[in-house]
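Quick notes on the structure that follows.
Throughout, numbering of the chain's residues begins at 1 and tracks the sequence. Counting convention: from 1, in listed order, for ligands and their atoms alike.
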Amino acid sequence: MRRILVTGGAGFIGSNFVRYWLKHHPRDRLVNLDLLTYAGNLENLRDVESREQYRFVHGDISDGVLVEHLFREEEIDTVVHFAAESHVDRSITGPSAFIDTNVMGTFALLEVARKIWATDDTACRFLHVSTDEVYGSLGPNDPPFTERHSYAPNSPYSASKAASDHLVRAYGETYGMQVITTNCSNNYGPFQFPEKLIPLVIANALEGSPIPVYGDGKNIRDWLYVDDHCSGLEAVIEKGRLGEVYNIGGSNEWCNIDIVQLICQRLDELQPGKAPYAGLITFVSDRPGHDLRYAIDSDKIQTTLGWSPAHDFQSGIEQTIKWYLENREWCEHVRSGEYRQYYEQQYGQRVG
Ligand code: NAD
Ligand code: DAU
């Protein structure tokens with residue numbers, strides 16, 4: 001039986017992971033430490049919050065006293081570290097929070113784990129959940145990122161995640177800490193905050209607002225259904241080798257404009273508007289430093305740990321669109337308040 005500290009478990013991937021883990025490992029203890037920033041939402045966890053094995057703690061990963069107390073009280077043997085500032089556009093307008101949480105917060109967590117686990121020879125592990133963006137941008141014909149690809153982050157977000165990856169690696173090498181890092185491609189699925197491309201397109205289409213596409217829409221991302229990311233993390237927790245890095249991806253590359261068109265077409269069928277939703281597509285000025293292409297080579301996790309994604313893109317995007325159609329109230333809640341201000345700041349000034 002594991003005793004797991006999940007950080008950032010009220011966010012998009014974290015909440016999907018909490019649900020996934022409680023379903024597949026009902027005897028494990030799961031403590032969710034989350035600061036509840038704009039991206040953290042306890043509504044994401046309503047269906048599991050009363051489970052006996054689950055505990056939510058409202059707090060900051062940078063609060064060493066709190067984290068140490070939790071480690072001791074809950075006898076934590078596994079950390080799954082999601083907590084982060086995660087949106088590239090926000091990192092461009094306000095990088096400071098990214099350094100605070102992604103770099104200093106990860107450092108604070110590592111320090112507590114190092115202190116508490118130093119005398120422990122049981123199977124402790126610190127799983128650091130990171131991103132493919134640390135590798136920078138690929139050209140159209142480059143091979144996908146392997147774990148040996150050099151780091152070349154291009155945004156304050158990816159630079160802060162790269163810094164955290166380096167700290168995690170250093171704690172493994174220097175102190176012999178029980179660390180593993182995963183670098184995953186773009187996730188999509190239920191409970192994703194509608195500042196990210198897929199939920200933003202769905203939400204804007206349904207309210208008849210312009211659908212902003214950056215630049216020429218030809219940038220490419222490699223999309224993975226969030227549950228497949230969770231099963232990849234499960235494989236790494238159970239079978240991954242300490243000190244290793246595993247890339248996780250969907251081998252599913254799409255141009256942004258093709259995804260946007262696909263969502264509009266499917267919405268035309270499921271929830272027809274007055275006119276085709278594609279008429280709302282608006283090309284706007286590009287994201288500064290916009291990476292052209294990401295693609296992950298997940299051969300290592302597939303061959304050494306036996307993981308592979310269970311969802312193809314057709315079924316994953318279908319489930320996702322339907323989830324947003326069935327959960328419009330959730331979307332309205334998270335888009336009220338701070339989101340409106342953010343949206344105006346982010347998109348008000350962008351011209352086509
Ligand atoms: P998210 O923004 O939806 O959620 C982040 C969560 O962290 C929120 O619940 C927030 O309240 C919490 N948080 C932020 N600062 C905190 C702090 N100081 N202390 C405690 N909690 C704090 O992010 P996400 O998209 O779910 O991403 C989760 C992790 O996965 C991140 O580390 C991200 O870099 C990584 N990742 C994301 C993707 C993706 O496509 N979304 C892909 C690869 C890796
Ligand atoms: O690759 C993994 C990363 O994927 C994660 O580490 C990040 O946390 C996550 O946010 C995501 O980063 P991206 O920048 O790729 O995701 P986003 O949804 O913001 O944008 C996807 C693409 O769509 C990107 O090329 C920018 C473009 N885009 C995005 C928005 C929000 C638009 O064209 N219009 C938009 O309004």
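- Using a non-hydrogen distance threshold of 4.0 Å, Gly9 does not register as a contact of ligand 1.
- Within ligand 2, counting atoms from 1 as listed, the ones closer than 4.0 Å to a heavy atom of Glu195 are 31 (C).
- Looking at ligand 2, you won't find any N or O of Asn219 less than 3.5 Å from one of its N or O atoms.
- Ring geometry for Phe71 against Trp117 counts as tilted: the plane angle lies between 30° and 60°, on a 0 to 90° scale.
- Interface atoms of ligand 2 facing Lys196, defined by a heavy-atom separation under 4.0 Å, are 10 (O), 18 (O).
- Below 30°, between 30° and 60°, or above 60°: for Phe56 and His58 the angle between ring planes is below 30°, a parallel geometry.
- At a 4.0 Å cut-off, at least one heavy atom of Ala10 sits close enough to ligand 1 to count as contact.
- The shortest N or O to N or O distance between Asp34 and ligand 1 is below 3.5 Å.
- In this structure, His166 has its ring center closer than 6.0 angstrom to the ring center of Tyr151.
- Around atom CD of Gln341, no more than 12 heavy atoms belonging to other residues, nucleotides or ligands sit under 6.0 Å away.
- A salt bridge between Lys161 and Glu133 is absent, with no side-chain N of the basic residue lying under 4.0 Å from a carboxylate O of the acidic one.
- Distances between N or O atoms of Phe82 and those of ligand 1 include at least one value under 3.5 Å.
- Here the protein heavy atom with the shortest distance to atom 4 (O) of ligand 1 is Gly11 CA, 3.4 Å.
- For ligand 2, the atoms sitting less than 4.0 Å from at least one non-hydrogen atom of Asp132 are 1 (O), 2 (C), numbered in the order shown with element in parentheses.
- For ligand 2, the polar-atom distance check against Asn186 finds a nitrogen or oxygen pair separated by under 3.5 Å.
- For the pair Tyr347 and ligand 2, the shortest N or O to N or O distance falls below 3.5 Å.
- With hydrogens and angles disregarded, no donor-acceptor distance shorter than 3.5 Å links the side chain of Asn252 to the backbone of Asp222.
- Under the 3.5 Å distance criterion, the side-chain polar atoms of Arg2 are left unmatched by any main-chain donor or acceptor of Thr78.
- For the residue pair Asp165 and Asn183, a side-chain donor N or O sits within less than 3.5 Å of a side-chain acceptor on the partner.
- Within the structure, ligand 1 lacks Phe193 among the residues with a heavy atom less than 4.0 angstrom away.
- In this pair, Tyr324 and Trp330 present their aromatic rings perpendicular. The plane angle is above 60°, beyond the 30 to 60° band.
- Ligand 2 has no nitrogen or oxygen under 3.5 angstrom from a nitrogen or oxygen of Tyr294.
- Looking at ligand 2, you'll find an N or O of Thr131 within less than 3.5 Å of one of its N or O atoms.
- Listed for the Arg3 side chain is a donor-acceptor partner under 3.5 Å among the backbone atoms of Glu74.
- A cation-pi arrangement is present between Arg350 and Tyr347 under the rule of less than 6.0 angstrom and at most 45 degrees off the ring axis.
- If you look at Thr7 next to ligand 1, there are no close heavy atoms at all, none under 4.0 Å.
- For ligand 1, the polar-atom distance check against Asn41 finds no nitrogen or oxygen pair separated by under 3.5 Å.
- Set against the non-hydrogen atoms of Pro212, the atoms of ligand 2 under 4.0 Å away are 32 (C), 33 (O), 34 (N), 35 (C), 36 (O).
- With ligand atoms numbered from 1 in the order given, ligand 2 contributes 5 (C), 6 (O), 7 (C), 8 (O) to contacts under 4.0 Å with heavy atoms of Tyr157.
- Taking every heavy atom of Ser86 and a limit of under 4.0 angstrom, the matching atoms of ligand 1 come to 1 (P), 2 (O), 23 (O), 25 (O).
- Those atoms of ligand 1 that come under 4.0 Å of a heavy atom in Asn186, given as number and element, are 40 (O).
- Using bins of under 30°, 30° to 60° and over 60° for the plane-to-plane angle, the ring pair Phe313/Trp254 lands in the tilted bin.
- Side-chain N/O atoms of His87 and Tyr342 include a donor and acceptor closer than 3.5 Å.
- Those atoms of ligand 1 that come under 4.0 Å of a heavy atom in Ser130, given as number and element, are 43 (C), 44 (C).
- Taking every heavy atom of Thr37 and a limit of under 4.0 angstrom, the matching atoms of ligand 1 come to 10 (C), 11 (O), 14 (C), 15 (N).
- With ligand atoms numbered from 1 in the order given, ligand 2 contributes 19 (O) to contacts under 4.0 Å with heavy atoms of His87.
- Listed for the Thr101 side chain is no donor-acceptor partner under 3.5 Å among the backbone atoms of Phe98.
- A chain of hydrophobic side-chain contacts below 4.5 Å, direct or via other Ile, Leu, Val, Met, Phe, Trp or Tyr residues, connects Ile317 to Ile257.
- Taking the six-membered ring for Trp and thresholds of 30 and 60 degrees, His24 and Tyr20 have ring planes inclined between 30 and 60 degrees apart.
- If you check each of Tyr343, Tyr214, Phe283, Tyr188 against atom 29 (C) of ligand 2, the one with the closest non-hydrogen atom is Tyr214.
- Put simply, Tyr157 and Tyr294 are part of two different groups of oily side chains (I, L, V, M, F, W, Y) that touch within less than 4.5 Å, one to the next.
- Here the heavy atom of the protein found nearest to atom 21 (C) of ligand 2 is Leu197 CB, 3.9 Å.
- In this structure, of Leu33, Val129, Asp63, Ile248, the residue bringing a heavy atom nearest to atom 35 (C) of ligand 1 is Val129.
- Remark: distances from the non-hydrogen atoms of His290 to ligand 2 include one below 4.0 Å.
- At most 12 heavy atoms of other shown residues, nucleotides or ligands fall within 6.0 angstrom of atom CZ in Arg148.
- Here the protein heavy atom with the shortest distance to atom 27 (C) of ligand 2 is Asn256 ND2, 3.4 Å.
- Thr7 and His81 form a side-chain donor-acceptor contact under 3.5 Å, judged by distance and modelled atom types alone.
- Contact atoms of ligand 2 toward Val213: 33 (O) (distance under 4.0 Å to a heavy atom of the residue).
- Asp228 places a side-chain N or O within donor-acceptor distance of the main-chain N or O of Ala310, the cut-off being under 3.5 Å.
- Within the 4.0 Å heavy-atom criterion, the part of Lys161 lying near ligand 1 is the side chain and not the backbone.
- Every atom of ligand 1 is numbered from 1 in the order shown, and the set under 4.0 Å from a heavy atom of Asp60 is 17 (C), 18 (N), 19 (N).
- For ligand 1, the atoms sitting less than 4.0 Å from at least one non-hydrogen atom of Leu36 are 11 (O), numbered in the order shown with element in parentheses.
- Within the set Gly59, Ala84, Ser185, the minimum heavy-atom distance to atom 42 (C) of ligand 1 is found for Ser185.
- Considering backbone and side-chain atoms together, Cys184 places no N or O closer than 3.5 Å to any N or O of ligand 2.
- Ser164 places no side-chain N or O within donor-acceptor distance of the main-chain N or O of Val103, the cut-off being under 3.5 Å.
- With a heavy-atom cut-off of 4.0 Å, Thr101 touches ligand 1 through its side chain alone.
- Of the heavy atoms in Tyr157, only side-chain atoms (C-beta onward) come closer than 4.0 Å to ligand 1.
- Counting protein heavy atoms only, atom 38 (C) of ligand 1 is closest to Ile13 CD1, 3.5 Å.
- For atom 13 (P) of ligand 2, the nearest protein heavy atom (residue, atom name, distance) is Glu133 OE2, 3.4 Å.
- For atom 9 (C) of ligand 2, the closest non-hydrogen atom of the protein is Ser86 O, 4.0 Å.
- With atom 14 (O) of ligand 2 as the reference point, the heavy atom nearest to it among Arg287, Arg90, Arg221 is part of Arg287.
- Contacts between Ser62 and ligand 1, counted as non-hydrogen atom pairs separated by less than 4.0 Å, are absent for every part of the residue.
- Arg221 forms no cation-pi arrangement with Tyr188, by the criterion of a distance under 6.0 Å to the ring centre and an angle within 45° of the ring axis.
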